[in-house]
Amino acid sequence: MVTIKKEEEKGSHASERCLVWFRKGLRVHDNPALLEASKSAEAVYPVFVLDPSIDPTENGVRVGANRAQFLLESLEDLDQSLQGLGSHLLCLQGRPEDVLPPLMKELDITRLSFEFDTEPYWKDQGEKVAASAKQMGASVHCPTSHTLFDPEHLMAKCMMDAPKSYGQFLKLVAKCGKPPAPLDAPSSLPAVPEDVLSRRYRSVPTLEDLGYERPEEIDRTPFPGGESEGLRRLEDQFQDIRRIAMFEKPKTSPTDFVVPSTTVLSPYLKHGCVSSRVFYYKLKDAYKRNGRHADPPVSLLGQLYWREFFYLCGYAFPNFGRMEGNPICRQIPWDRSEEGKERLRKWANAQTGYPWIDAAMTQLRQQGWLHHLARHAVACFLTRGDLWVSWEEGRKVFDELLIDADWSLNNANWMWLSCSSFFYQYFRCYSPVAFGRKYDPQGKYIRKFLPVLKHFPKEFIYEPWKAPIAVQKKAGCIVGVDYPKPIVDHAEAVKANKSKMAAAYAKYKKAKA
DNA sequence: TGCAAGTTGTAGAT
DNA sequence: ATCTACAACTTGCA
């Protein structure tokens with residue numbers, strides 16, 4: 001009987017029954033997968049599949065509560081927007097490759113529409129789901145809309161290997177013209193039929209539903225997820241056209257925490273709450289209106305191109321998420337011993353005894369966000385600078401905690417900071433004392449994130465172990481009791497690690513000669 | 001083959 | 001604030 005009904009429908013309607021599968025791209029604006037469905041289909045089913053581990057990308061870490069919360073808020077907002085257009089978000093739980101094929105059968109889907117993803121895990125997953133759709137006779141539409149350009153288009157313009165430096169990448173981009181113009185949101189969507197809605201609609205789960213404890217106020221990110229919030233933030237940032245146009249990344253400060261000195265659009269770009277193409281065209285417009293503007297690599301457009309560059313690298317180079325088998329990553333004998341693991345644990349838990357490092361790691365855990373230069377400082381410290389722990393381990397911790405954790409960018413930046421790829425001046429090390437002090441001589445940032453140290457005078461706040469015992473007593477914090485002693489002697493560690501880097505690099509020189 | 005440049009170092013001198 | 005030494009990497013281009 002069901003079969004007969006299907007035949008009747010197929011006979012009477014030429015149009016499609018389309019499942020729009022959301023992964024990143026959690027927005028209704030500039031969403032080609034959604035827009036196309038809205039134009040051609042008699043039925044549109046917007047679906048998100050919440051994997052139990054939220055981000056099961058290769059390292060299998062369960063993501064932190066802030067990151068999970070950001071995703072759930074984005075889904076909530078997406079559901080609201082879809083309802084505003086007359087539809088609903090069907091939020092399922094499980095693995096997409098398990099959950100979607102039966103759903104597509106149940107809904108008699110003729111077309112599957114989803115955003116293309118460049119990252120290996122999601123690319124494979126997309127291919128699996130697309131294959132099952134095709135097997136049941138449905139067509140598949142898989143547009144690129146997360147990055148400015150289609151990575152295949154970029155590769156075709158390369159004429160050889162993918163670029164390994166930013167300069168080369170800029171040359172490549174110069175050959176590509178402008179990215180596709182952003183699309184409007186659909187004006188309306190067909191309603192999800194009542195029977196499907198009653199069978200399949202659940203409101204987006206809460207953190208507690210997923211087995212998380214809701215973080216205390218202090219551990220909750222101040223950046224809420226969602227397209228509405230992302231677009232609001234974008235508009236807000238563009239109020240000051242001059243600042244946007246003249247933005248130079250190295251001139252921003254890692255210790256500004258009341259109002260961050262950068263835009264904090266990264267979590268919204270990562271989840272696709274804000275389209276990178278919308279950002280691109282707004283930047284171009286701001287540059288035009290202001291007359292003068294900064295340029296890549298330091299400008300805001302330059303930041304967007306860094307993202308694009310690293311996404312292309314993650315797409316083009318195999319095993320981009322690890323050291324072994326990664327053709328652009330130097331093989332460095334990091335300390336993988338139990339002692340190294342203990343140092344990693346102390347780093348991740350803000351127990352290194354270097355206040356600037358521990359304050360940054362605390363901000364990361366509490367807010368799920370860090371200024372780029374603070375990321376540099378802690379990454380250099382963990383790897384080639386002080387602790388000699390593999391960048392892969394640091395990457396995992398960032399993956400767990402950052403609300404903007406972005407596979408391609410995260411791997412690329414960790415390789416950069418550990419001098420494993422892209423950047424090779426290993427003798428330039430960030431000081432865990434001097435670098436923070438340069439931006440914040442009073443130590444306000446440390447006082448904010450490490451309140452145990454807040455009564456230390458500014459002379460000692462970056463190096464509390466140097467304070468005379470009387471000063472420690474007066475500050476109410478004894479180093480070694482209330483706050484750890486330094487995990488390593490920075491001067492010694494840096495010296496030893498630089499020669500280890502020299503030795504690791506020497507092998508490449510020999511290989512080349 | 002040689003030289004300049006590379007998104008964002010530090011410490012110390014001027 | 002701007003300079004230089006530090007000890008010296010790689011990539012890209014002439």
Side-chain angles (χ1 to χ4, degrees), chain A residues 158-174 246-256 260-263 266 283 293-310 313 317 327-332 354 356-357 360 370-386 409 412-441 462-463 466 489-513:
Chain A
C158 287
M159 302 198 279
M160 33 177 259
D161 284 350
K164 289 180 197 143
S165 74
Y166 188 71
Q168 297 296 103
F169 176 79
L170 287 182
K171 282 184 193 169
L172 171 60
V173 156
M246 302 311 288
F247 179 98
E248 290 181 54
K249 187 67 160 278
K251 291 188 179 165
T252 60
S253 163
T255 56
D256 289 2
S261 61
T262 50
T263 61
S266 54
L283 273 176
H293 63 82
D295 284 301
V298 294
S299 65
L300 270 179
L301 183 60
Q303 305 311 304
L304 205 41
Y305 284 153
W306 280 106
R307 173 180 187 269
E308 195 78 5
F309 171 44
F310 288 150
C313 290
F317 300 117
I328 65 161
C329 180
R330 298 226 153 176
Q331 306 297 301
I332 294 167
Y354 284 93
W356 156 241
I357 300 298
L370 274 183
H371 184 280
H372 192 59
L373 290 178
R375 301 184 196 203
H376 278 211
V378 299
C380 180
F381 188 88
L382 179 71
T383 57
R384 67 186 166 89
D386 293 80
L409 277 57
N413 280 306
W414 273 96
M415 280 188 262
W416 183 294
L417 263 302
S418 62
C419 288
S420 299
S421 196
F422 304 113
F423 175 80
Y424 305 94
Q425 289 166 262
Y426 60 75
F427 40 86
R428 287 194 178 176
C429 275
Y430 292 89
S431 160
V433 171
F435 189 69
R437 186 148 61 194
K438 181 165 76 179
Y439 295 92
D440 179 17
Y462 284 88
E463 301 168 286
K466 288 190 177 169
D489 179 296
H490 172 67
E492 278 174 25
V494 151
K495 198 171 171 228
N497 291 341
K498 278 182 188 170
S499 40
K500 283 188 210 160
M501 285 303 284
Y505 269 35
K507 292 186 181 154
Y508 287 86
K509 261 194 175 163
K510 210 188 273 175
K512 235 185 190 177

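Any value given below was found using the heavy atoms of this structure, including those in side chains, with hydrogens, waters and symmetry copies removed.
A:S165 has a side-chain polar atom (N or O) that falls below the 4.0 Å cut-off from OP1 or OP2 of C:dG12.
As a whole-Å value, the separation of A:Y508 OH from C:dT11 P is 11 Å. Taking atom OH on A:Y505 and atom P on C:dC9, their separation rounds to 10 Å, with Å as the unit. Atoms CZ (A:F422) and C1' (B:dA5) sit 18 Å apart, rounded to a whole Å. Atom CH2 of A:W416 and atom P of B:dG9 are 11 Å apart (whole Å). Rounded to an integer number of Å, the gap from A:F423 CZ to C:dG12 C1' is 17 Å. Look at NZ on A:K495: it is 23 Å from P on B:dG9, rounded to the nearest Å. What separates CG of A:D295 from P of B:dG6 is a distance of 13 Å, to the nearest Å. Between the C1' atom of C:dT11 and the CG atom of A:L170 lies a distance of 15 Å, rounded to the nearest Å.
When heavy atoms are screened at a 4.0 angstrom cut-off, A:K164 is found touching no nucleic acid atom at all.
Remark: side-chain polar atoms of A:Q303 are not paired, donor with acceptor, to backbone N or O of A:E248 under 3.5 angstrom. When atom types are taken as modelled, the side chain of A:R330 and the backbone of A:A504 share no donor-acceptor pair closer than 3.5 angstrom.
Judged purely by distance below 3.5 Å, without hydrogens or angles, the side chains of A:Y430 and A:H376 pair a donor atom with an acceptor atom. Between the side chains of A:H371 and A:D256, no donor N or O sits under 3.5 Å from an acceptor N or O.
Comparing the same atom, P, in B:dT10 and in C:dT10 gives a spacing of 22 Å after rounding to whole Å. To the nearest whole angstrom, the two P atoms, one in B:dA5 and one in C:dA8, are 22 Å apart. B:dT7 and C:dT4: their P atoms are spaced 23 Å apart (whole Å).
Comparing C:dC9, B:dT8, C:dG12 by their nearest atom to the side chain of A:Y430 picks out B:dT8. With C:dT10, C:dA8, B:dT8 as the candidates, the nucleotide lying closest to the side chain of A:Y424 is C:dT10. Side-chain proximity of A:S431 to the nucleotides B:dT7, C:dG12, B:dT10 is greatest for B:dT10. The side chain of A:K438 approaches B:dT10 more closely than any other nucleotide in the set C:dA8, B:dT10, B:dT7. Relative to the side chain of A:R428, the nucleotides C:dC9, B:dG9, B:dT7 differ in distance, and B:dG9 lies closest.
With a cut-off of 3.5 Å on both pairing distances, B:dT8 has no Watson-Crick or G-U wobble partner at all. Nucleotide B:dT1 forms a Watson-Crick or G-U wobble pair with C:dA14, both donor-acceptor distances falling under 3.5 Å.
A:W356 and A:F435 have tilted rings, their planes meeting at an angle from 30° to 60° on a 0 to 90° scale. Ring orientation note: the planes of A:Y166 and A:W306 are close to parallel, at an angle under 30° on the 30°/60° scale.
Remark: ring of A:W306 overlaps the six-membered base ring of B:dT7 in a stacked fashion, centroids less than 5.5 Å apart, planes less than 30° apart.
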